[in-house]
Amino acid sequence: MKTIYNARWIKTPVSGDGISVQFTKCFDSRNVRRATLNVTAMGVYNAFVNGRRVGKYVLAPGWTDYRHRLQYQSYDITELMKNETVVAISTAPGWNALYRKDFCDDVDCEKEPAIIASIDIKYSDGSSECVLTDSSWSVYSDAVVYSHIYNGETFDETAVPEKFGNAVEFDYKKNILIPQQGEEIREIQTLDAKKLIITPSGDKVIDFGQEITGYVRFKIKGEHGDKVKILHGEMLDKNGEFYNANYRGAKAEINYTCDGKTRVYNPQHTFFGFRYIKLCDWCEEIRLENFKAVAVSSDLRRTGYFECSDAKLNKLFSNIIWSNTDNFLDIPTDCPQRDERLGWTGDAQVFCKTAALNFDTKKFFTKWLDDAITEQKEDGSFPHVIPGLNWDEKPSAAWADFAVIVPWTLYLVYGDKELLKRHYPMMKRWVDYVDSVSTNHLWLGGEHFGDWLDFSPETTECGGKTDKDLIACAFFAYSTELLINAGNAIGVDVSYYEYLIAEIKSAFIKKYIKDGRIVCDTQTACILALKFGLCGLDEENIVKQLVDSIKEYGHMTTGFVGTPYILPILSRYGYSKIAYDLILRTKFPSWLYSVEKGATTTWEHWDSIKENGDMWSTDMNSFNHYAYGAVAEWMYGNMAGINICEDAPAFKKIIFSPETDERINYVKASVDSQNGVILSEWRRGSDGRITYTFIVPENSEAYAYIGGKEIKLSAGENIIKE
């Protein structure tokens with residue numbers, strides 16, 4: 001039977017910036033037993049059969065680099081068929097616009113929205129038919145007059161469909177087509193409007209109380225021809241005014257024309273990151289019940305939960321979950337609001353373990369890693385973002401190391417050796433690349449982001465104070481170590497890399513450790529040396545160097561590279577109290593500083609809002625970045641004590657080792673793992689003694705370390721009192 005691979009690529013006969021059109025086909029379809037629509041687009045689409053929307057997928061087909069891979073979706077449309085059926089596919093540029101001028105020089109896919117589809121029909125008499133896209137399809141104007149991922153959408157209820165002509169067939173490769181691989185993007189939650197704010201300047205602003213990724217859904221009637229304009233923003237400024245200057249070039253606006261009938265509308269082909277909307281024009285009384293904020297995200301199953309006796313830490317964890325949700329929209333984006341929203345690899349690798357505890361991310365990350373395979377360059381290096389945009393770039397340490405860190409993390413959490421085998425060649429090619437450009441086993445002189453956005457008072461550069469070559473050499477060691485672990489797990493020869501790691505460590509120690517100290521005297525330098533086993537005989541001295549620095553400053557000075565590891569390293573070396581000091585700190589810089597400032601998601605900067613209320617900048621200041629949310633890994637693993645053992649992935653072996661603190665009276669966390677639900681809880685009684693409760697899955701081996709003693713646990717509930 002014919003399939004989507006037999007269809008023709010078709011596009012609109014007209015062009016225009018942000019154009020949205022409907023491709024339509026009318027055909028007889030009597031006595032249908034089963035009908036399936038297979039469809040995809042260079043852009044984003046909504047499909048309709050006889051006027052009814054097909055499926056619940058938002059922003060289908062998701063984002064891949066259309067030059068290499070393009071997912072198609074299959075929908076059962078049997079119940080929607082009639083004797084005469086009309087299929088309409090509303091299509092807009094979506095992410096395809098990013099491959100046009102200003103984003104990508106090597107453009108070989110279509111500039112205008114394009115689709116390919118098949119409708120596979122089986123009839124009651126046993127016969128079959130396949131309706132394919134070709135030049136017989138008609139193209140009409142859409143009520144979506146303009147659509148852009150960054151700029152927003154213009155929708156006209158008064159628009160009368162205009163036929164532009166027949167679709168134009170064109171030749172484009174079909175070997176890029178793959179069945180849906182990742183999680184579908186769905187509407188996952190709807191929030192009520194919380195408050196109508198009249199700002200000091202008189203602007204009308206609605207606050208939804210929570211920053212989300214998605215869109216506003218509103219009910220409106222108005223008079224025929226009345227126009228509405230809505231802007232989106234994350235924050236109010238210190239004067240209480242609507243603020244979205246940090247969106248940079250993204251207009252993030254809705255323009256809507258009424259037709260005089262009561263309508264409920266939400267954008268069709270775009271999304272926003274926002275908490276507030278500004279009603280620049282509203283043609284009737286503002287009623288809060290007529291506004292909803294609809295959160296959209298990849299449809300991930302929630303697996304991880306955390307709570308404790310400290311309300312601010314609970315809020316921090318809630319913020320982490322929201323930023324995780326908001327930025328997992330088919331790919332792991334850096335932020336959802338400004339003119340970026342890209343799959344930055346550095347952000348993803350520091351957060352991937354936390355994400356895999358919070359949600360079941362196996363399918364999500366597998367799709368993204370398969371995207372990465374197609375983006376790996378001939379020399380083994382990677383672009384900074386996946387899907388790539390063909391920027392002129394050299395790979396950065398800690399960013400491109402995602403190629404090893406993310407696959408290994410997925411293996412630890414899910415235990416899938418076949419998946420590890422699939423990604424091992426990519427991992428190996430990356431390590432081989434760094435090996436090829438290294439000098440005497442040190443990666444020197446590259447172009448790196450460094451400890452991005454650290455807070456070292458001595459520097460104002462985004463790349464931070466820590467020597468970038470040191471970071472590169474440290475991650476060279478780390479990726480090599482993980483590659484060895486992966487090779488051993490799947491049974492391949494890693495003898496060369498065992499030789500290589502010894503040489504890297506020796507070279508690192510010789511260059512970067514003098515008189516028992518890291519020569520680059522930063523917290524991140526110490527952390528990386530300790531985390532990656534690069535201290536040699538000076539481990540104790542470097543721990544002291546780190547602790548002394550924290551005491552001297554009174555806080556962390558780390559950025560994207562050092563922050564994820566600082567608390568685990570302190571805990572590893574017996575400084576749990578200092579780790580608690582840092583996470584409970586409410587003054588800037590700290591995790592709870594943003595909570596004190598009213599954050600509902602995690603911020604890009606420690607001081608996205610400065611202590612005096614000013615914004616960090618308009619240039620690069622997101623209030624919804626998940627990278628610093630990687631601290632949740634320590635909350636699960638150290639506060640609650642739920643730890644994955646590298647020699648027994650997928651929680652087949654569990655080490656419960658909670659770290660208590662007198663400032664916290666209880667901690668409870670759970671992870672619904674591949675092996676079953678794991679729970680760890682401890683509570684301090686009125687007498688000061690602590691009661692521990694551990695729930696162990698049926699097929700897991702588990703131990704608890706309490707008061708210096710090892711206790712073997714049985715399956716089910718285990719209660720231990722000090």
Side-chain angles (χ1 to χ4, degrees), residues 62-63 182-186 188 212-213 273 295-306 316-336 341-372 385-386 398-399 401-416 419 423 482 560-561 563-565 567-568 591 601-604 622 624-637 640 642-644 649-651 669-674 678:
W63 189 11
E183 301 282 7
E184 291 188 3
I185 305 169
R186 295 283 186 89
I188 59 165
I212 67 160
T213 295
V296 302
S297 175
S298 289
D299 192 19
L300 303 173
R301 181 176 66 90
R302 178 80 180 269
T303 54
Y305 297 86
F306 175 93
L316 171 64
F317 187 79
S318 172
N319 293 356
I320 292 167
I321 292 293
W322 270 108
S323 280
N324 192 159
T325 300
D326 290 344
N327 282 293
F328 273 42
L329 192 139
D330 199 52
I331 64 168
T333 58
D334 59 324
C335 59
R341 314 181 198 182
L342 303 175
W344 280 94
T345 54
D347 304 51
Q349 69 88 359
V350 302
F351 191 73
C352 63
K353 188 174 181 182
T354 292
L357 295 171
N358 291 338
F359 296 93
D360 183 348
T361 60
K362 182 180 178 182
K363 188 176 179 181
F364 175 88
F365 270 124
T366 297
K367 178 261 181 185
W368 187 66
L369 288 174
D370 284 358
D371 288 339
V385 297
I386 304 291
W399 270 248
D401 287 285
F402 86 95
V404 177
I405 296 170
V406 177
W408 177 247
T409 301
L410 290 189
Y411 173 67
L412 286 183
V413 177
Y414 302 111
D416 189 336
L419 196 57
H423 295 131
L482 296 187
F560 277 28
V561 169
T563 299
Y565 306 128
L567 300 192
W591 285 280
T601 45
T602 51
W603 292 354
E604 182 175 17
S622 162
N624 201 351
H625 252 65
Y626 56 61
Y628 286 140
V631 70
E633 181 183 336
W634 182 84
M635 298 166 80
Y636 284 113
I642 300 175
N643 294 287
I644 303 173
F651 292 100
S670 64
V671 176
D672 188 359
S673 75
Q674 297 282 290
I678 302 157

**OP:** List for me each residue that meets side-chain hydrogen bond (donor to acceptor under 3.5 Å, both in side chains) alongside Thr345, sequence neighbours excluded, and say none if there are none.
**Re:** none

Original post:
What is the minimum heavy-atom distance between Leu342 and Trp63, and which atoms define it?
Top reply: CD2-CH2, 3.6 Å

Original post:
When rounded to the nearest 0.5 angstrom, what is the spacing between CE in Met635 and CG in Leu316?
Top reply: 5.0 Å

Subject >> His625 and Thr601, any side-chain heavy atoms less than 4.5 Å apart >> reply: no

**OP:** Kindly indicate whether the side chain of Lys353, heavy atoms from C-beta on, has any atom under 4.5 Å from the side chain of Ile644.
**Re:** yes

Subject >> Phe359 and Thr325: CA distance, side-chain angles, deciding distance, side chain to side chain contact (heavy atoms under 4.5 Å, CB included) verdict >> reply: CA-CA 9 Å; Phe359 296 93; Thr325 300; 3.4 Å; yes

**OP:** Only counting residues at least two apart or in another chain, list the ones meeting side-chain contact (heavy atoms from CB on, under 4.5 Å) with Asp416.
**Re:** Lys362, Glu418, Leu419

Original post:
Can Tyr414 and Thr361 be said to form a side chain to side chain contact (heavy atoms under 4.5 Å, CB included), step by step?
Top reply: CA-CA 9 Å; Tyr414 302 111; Thr361 60; 3.3 Å; yes

Original post:
Who are the ring pair (Phe, Tyr, Trp, His ring centres under 6.0 Å) partners of Tyr305, not counting sequence neighbours?
Top reply: none

Original post:
Does the gap between the ring centers of Tyr636 and Phe317 come in under 6.0 Å?
Top reply: yes

Subject >> Non-hydrogen atoms of Ile188 and Ser297 that approach each other most closely >> reply: CD1-CB, 3.7 Å

Original post:
Is the backbone of Ala627 close enough, under 3.5 Å, to the side chain of Asp347 for a donor and an acceptor to pair up by distance?
Top reply: no

Original post:
Tell me, do Ile321 and Arg302 make a side-chain contact under 4.5 Å, heavy atoms counted?
Top reply: yes

Subject >> Check: Asn624 side chain, Asn327 main-chain N or O, donor-acceptor pair, under 3.5 Å >> reply: no

Original post:
Within a strict 4.5 Å, meaning less than it, do heavy atoms of the Leu357 and Ile642 side chains meet?
Top reply: no

Original post:
Are the aromatic rings of Trp368 and Phe402 close, with centres under 6.0 Å apart?
Top reply: yes

Original post:
How far does CZ of Phe365 sit from CG of Leu410, to the nearest 0.5 angstrom?
Top reply: 6.5 Å

Original post:
Quick one: does Thr602's side chain get under 4.5 Å of Trp322's, heavy atoms only?
Top reply: no

Original post:
Residues in ring pair (Phe, Tyr, Trp, His ring centres under 6.0 Å) with Tyr626, at least two apart?
Top reply: Phe328, Phe351

Original post:
Does Asn324 have any side-chain hydrogen bond (donor to acceptor under 3.5 Å, both in side chains) partners at least two apart in sequence or in another chain, and if so, which?
Top reply: Asn358

Subject >> Chi angles and distances behind the side chain to side chain contact (heavy atoms under 4.5 Å, CB included) call for Leu482, Ile405 >> reply: CA-CA 7 Å; Leu482 296 187; Ile405 296 170; 4.0 Å; yes

**OP:** Please examine the side chains of Trp591 and Tyr628, heavy atoms only from C-beta on, and report whether any two atoms are closer than 4.5 Å.
**Re:** yes

Subject >> CA sep, side-chain torsions, deciding dist, call: Val631, Ile320, side chain to side chain contact (heavy atoms under 4.5 Å, CB included) >> reply: CA-CA 9 Å; Val631 70; Ile320 292 167; 3.9 Å; yes

Subject >> Least distance between heavy atoms, Leu329 atom then Phe364 atom >> reply: N-CE1, 4.5 Å

Subject >> Considering all heavy atoms, the nearest Ala632-Thr354 contact >> reply: CB-CG2, 3.6 Å

Original post:
Would you say the side chain of Val404 lies within less than 4.5 Å of the side chain of His423, judging by non-hydrogen atoms?
Top reply: no

Original post:
Looking at CD of Glu604 and OG of Ser323, how far apart are the two atoms once the value is rounded to the nearest 0.5 Å?
Top reply: 11.0 Å

Original post:
Quick one: does Asp401's side chain get under 4.5 Å of Gln349's, heavy atoms only?
Top reply: no

**OP:** Check whether any side-chain N or O of Asp299 sits under 3.5 Å from a backbone N or O of Glu183 as a donor-acceptor pair, and report yes or no.
**Re:** no

Subject >> Point-to-point distance, once rounded to the nearest 0.5 Å, from CD of Gln674 to CG of Asp360 >> reply: 6.0 Å

Original post:
How close do Asp330 and Ser298 get, heavy atom to heavy atom, and via which atoms?
Top reply: N-OG, 2.7 Å

Original post:
Can you list the residues that meet the side-chain contact (heavy atoms from CB on, under 4.5 Å) rule with Asp672, with sequence neighbours excluded?
Top reply: Arg301, Thr303, Val677

Subject >> Minimum-distance pair of heavy atoms, taken over all atoms of Gly415 and Ala650 >> reply: N-CB, 3.9 Å

